[in-house]
Amino acid sequence: MDVSARIQPHFESDNSRRDPFLRLVVSSVGAAFLLTATVVIGLYLGTQTQDRLNAIEQSWKAYSAEADRRGELLVRIRGHLGYGGIIHNFKNYVLRKDAVYLGQLQRQLSDFSQTITDYRQSGASRFELDQLERIEQTIAVYASKIPVAVRSAREGWPIAETDSLVKVDDTAAIAALVELDRFWRDKRQETLATISGAVEQGNALVGTGYQALAALAAVALVLYLLFFNLQRELRGSITSLREELAERKAAQHAANVFYRAVDQSPATIIITDTDGNIEYVNEKFCSLTGYSDDDVLGRTPRFLQSGETPQAVYRYMRQQLERGETWTGTFKNRKKDGSNYWTKTVVLALKDELGRTTNLIGLGEDITERQKARDQVQRAQKLEAVGLMAGGVAHDLNNVMTTILGNVYVARMDIAEDAIGSDELEQIELAAKRARNLVGQVLAFGRRPAVRPIAVLVEEILSETVRLMRATVHPGISIEHSTVPDDLTVLADPTRLHQVLMNLGTNAADAIGVGEGRIRISARLVKDPARPVCIEVQDDGCGIPEELHEEIFDPFFTSKPVGKGTGLGLSLVASLVDEIGGEVQLDSAPGQGSTFRLLLPQTEQLASSETRSEPVRGQGRRILLIDDEPEVLAAIKKVLQRQSYEADAFTDPREALTAFTDAPEAYDLVMTDYLMPHMNGEEVAQAIRKTSSEMPIVVCSAHQSNPIDFSAIGQVTILEKPVDPHLLLDQLGRLAKVKAHL
């Protein structure tokens with residue numbers, strides 16, 4: 001107000017000389033100056049006043065908080081040192097020996113310790129802590145004298161003697177308590193002085209504030225006009241903002257719907273920048289791969305590569321995306337846990353309004369189950385193809401091996417066991433039997449004849465396996481065979497069990513390689529009520545990684561180089577062992593060799609020994625022999641003739657039947673092949689039965705996709721090719737005896 005009074009005459013004196021525009025400008029400047037000065041002064045006074053009030057508040061709070069809490073604790077300490085306290089009760093107990101004082105003393109010592117601890121934890125200063133320590137030391141001395149006082153009271157010592165023993169100098173504790181009292185009195189004076197000064201300054205500022213309010217009232221009218229115009233403008237702005245906010249809410253709602261749709265999509269979605277760095281993955285991606293957002297953001301999708309998708313696919317994809325084209329294909333990717341999954345993926349470029357690529361997006365459909373089903377179909381097709389292939393060649397191969405085995409048998413009869421060439425003939429026989437096993441191994445995937453389990457001596461089957469392996473494995477590999485109890489028998493198909501052991505032995509030899517090594521084959525009883533017989537095949541070869549222990553039993557899986565393995569051996573082992581009610585166990589690690597264990601069911605049945613004995617001689621018995629292969633026919637005929645049989649051999653079954661019909665009584669047995677032109681073995685057997693219902697009939701089959709059923713014809717003996725001459729002669733001798741008996 002004073003400033004307005006001083007400048008008003010100046011304005012009036014100049015009104016007549018100054019231009020109205022100049023007065024308007026000066027008035028505007030003056031009003032602006034006044035408004036600014038008022039606002040500045042008001043802000044300054046308000047800030048200063050607030051600072052003083054805050055100082056008062058903080059000082060009072062600090063003092064009040066500390067005074068309340070520590071004052072209470074100080075009173076408790078003073079009580080422990082004064083009348084009725086620790087020192088007083090201690091002296092009363094020494095003088096009166098009353099247990100009441102001892103009980104009070106012990107309770108006060110516990111409370112004193114807690115009080116000192118609370119005081120320290122209340123934020124005490126260094127000075128206060130020092131005084132507390134002095135007091136605590138004195139009380140500790142009193143506490144240490146209590147046992148002496150107790151003993152004195154119990155034994156009735158003289159008071160003077162007890163007093164001399166328990167006397168304590170407590171002047172330090174009393175002085176420390178006095179120092180604490182003085183410390184708090186001084187602190188209270190400081191706090192009151194601070195509050196008093198802040199109040200005086202606040203009063204001065206309040207007075208100045210009243211003056212500033214008077215100046216502010218002078219410009220209130222001007223500000224009102226300004227605010228009126230501002231309000232009108234704000235109303236228009238608010239309307240515009242409301243409309244813009246509604247538009248933004250609608251856009252946000254659409255964005256949220258889009259985000260939920262993307263995040264909940266059944267397809268995996270990956271969004272990257274133009275350099276391939278991942279910026280977003282949806283929930284489906286995380287649940288499928290096992291990775292979280294934090295695991296993948298900022299990385300490129302290369303960590304998903306399983307290594308089984310050719311790099312050429314990725315190069316072609318990048319080329320298409322660089323041309324702005326969409327790429328579609330299938331990936332075999334790897335999850336976080338190391339397992340694989342398949343996705344049918346579409347990768348495309350996201351463009352802005354100017355057509356520039358800003359991001360890349362990958363949309364993937366999980367087709368893992370579909371791919372697994374396709375793989376199973378392909379595997380079944382492979383097995384079917386193997387079966388068809390095996391069936392196509394088994395007949396000819398088994399006929400060839402029958403010829404070889406027959407001629408070897410005859411040749412070995414012509415020379416002594418130690419003659420030149422005897423070892424070579426034995427090697428030929430072993431090689432033919434190994435070829436027979438290999439053909440049977442392949443045939444096992446194309447057909448599964450019914451299992452014919454019998455009681456088998458474990459020692460015989462192991463001895464035969466070891467004998468065959470020693471003739472076929474590398475000379476540097478030693479084969480050890482532990483002795484097996486003679487009465488240890490298993491219930492199994494002997495041919496399949498032999499095939500299983502040969503596969504395991506061959507696999508062990510391959511694991512050792514061309515260097516020196518050891519294979520150990522053994523059998524023992526274990527504590528398994530269902531499968532008590534354990535046959536082990538151990539080797540000290542390269543070993544098998546743990547992650548492949550399950551996979552090696554899959555058909556067509558092999559870790560051997562191309563041309564070294566078919567992937568059928570261990571798969572066949574698992575399948576055949578399962579068929580005879582057994583179980584395969586594997587214990588192996590890289591560099592530590594492998595141990596395959598066969599757990600098989602035991603039987604109490606007596607096993608028929610396969611030890612070769614001298615075959616029963618034919619003694620002139622006559623056999624009608626039919627086979628469309630001249631070589632097979634000639635080999636079997638030689639075997640029969642060497643054992644004093646007479647054989648009429650025919651390659652045409654029709655001619656053979658004509659000869660039999662003309663003189664059926666001239667023959668003691670009919671032996672025919674199954675697959676022949678013009679007539680098969682079943683038709684030949686039917687024709688024989690029409691002429692003679694009692695004639696023994698033997699049918700040899702090189703390969704038959706379906707089991708042969710002769711139940712409608714009568715008793716017919718079936719032998720599978722390649723026919724072992726020893727087995728053939730044994731069967732013929734037994735059947736010839738039956739006929740002779742009839």
TODO: Please step through side chain to side chain contact (heavy atoms under 4.5 Å, CB included) for the pair Val670 and Val698, ending with a clear verdict.
DONE: CA-CA 6 Å; Val670 176; Val698 176; over 6 Å; no

Open item on the list: Apply side chain to side chain contact (heavy atoms under 4.5 Å, CB included) to residues Ile626 and Val684 and explain how you reach the verdict.
Closed with: CA-CA 9 Å; Ile626 309 171; Val684 171; 4.0 Å; yes

Donor-acceptor pair between [X] and [Y] side chains, under 3.5 angstrom:
| X | Y | result |
| --- | --- | --- |
| Thr309 | Gln305 | no |
| Asp668 | Tyr645 | no |
| Ser482 | Ser522 | no |

Task: side chain to side chain contact (heavy atoms under 4.5 Å, CB included) between Val500 and Leu504, worked out - done: CA-CA 6 Å; Val500 166; Leu504 291 178; 4.3 Å; yes

Spell out, as yes or no, whether a donor-acceptor pair under 3.5 Å connects the side chain of [X] to the backbone of [Y].
| X | Y | value |
| --- | --- | --- |
| Ser588 | Ile544 | yes |
| Arg622 | Tyr667 | no |
| Thr368 | Trp342 | yes |
| Glu464 | Ile461 | no |
| Arg689 | Met695 | yes |
| Ser463 | Glu459 | yes |

[Y] and [X], any side-chain heavy atoms less than 4.5 Å apart:
| X | Y | value |
| --- | --- | --- |
| Val723 | Ile636 | no |
| Thr489 | Val458 | no |
| Leu625 | Asp648 | no |
| Ser306 | Asn333 | no |
| Val716 | Glu682 | no |
| Leu501 | Met469 | no |
| Phe596 | Gln585 | no |
| Ile367 | Thr343 | no |

Within the supplied structure, the quantity of interest is the number of heavy atoms (other residues, nucleotides, ligands) at a distance under 6.0 Å from [X] [atom1]; does it exceed 12?
| X | atom1 | result |
| --- | --- | --- |
| Gln641 | CD | yes |
| Lys335 | NZ | yes |
| Glu516 | CD | no |

Task: Asp652 and Arg654 ion-paired at < 4.0 Å - done: yes

Task: Distance (rounded to the nearest 0.5 Å) between Ile713 CD1 and Lys690 NZ - done: 10.5 Å

Task: Shortest non-hydrogen contact from Ala509 toward Ile519 - done: N-CD1, 3.8 Å

Open item on the list: Applying the side chain to side chain donor-acceptor pair (under 3.5 Å) criterion to Lys721, which one of Thr403, Asp627, Thr402 satisfies it?
Closed with: Asp627

TODO: Dump the intermediate steps for side chain to side chain contact (heavy atoms under 4.5 Å, CB included) on Asp724 and Leu728, then the final yes or no.
DONE: CA-CA 6 Å; Asp724 188 322; Leu728 172 63; over 6 Å; no

Compile the donor-acceptor pairs under 3.5 Å between side chains in residues 533-540 and protein atoms, sequence neighbours left out, one pair per line.
residue	atom	partner	partner atom	Å
Glu536	OE2	Arg524	NH2	2.7
Glu536	OE2	Arg597	NE	2.9
Gln538	OE1	Arg520	NH1	3.3
Asp539	OD1	Gly541	N	2.8
Asp540	OD1	Arg518	N	3.0
Asp540	OD2	Arg518	N	3.4

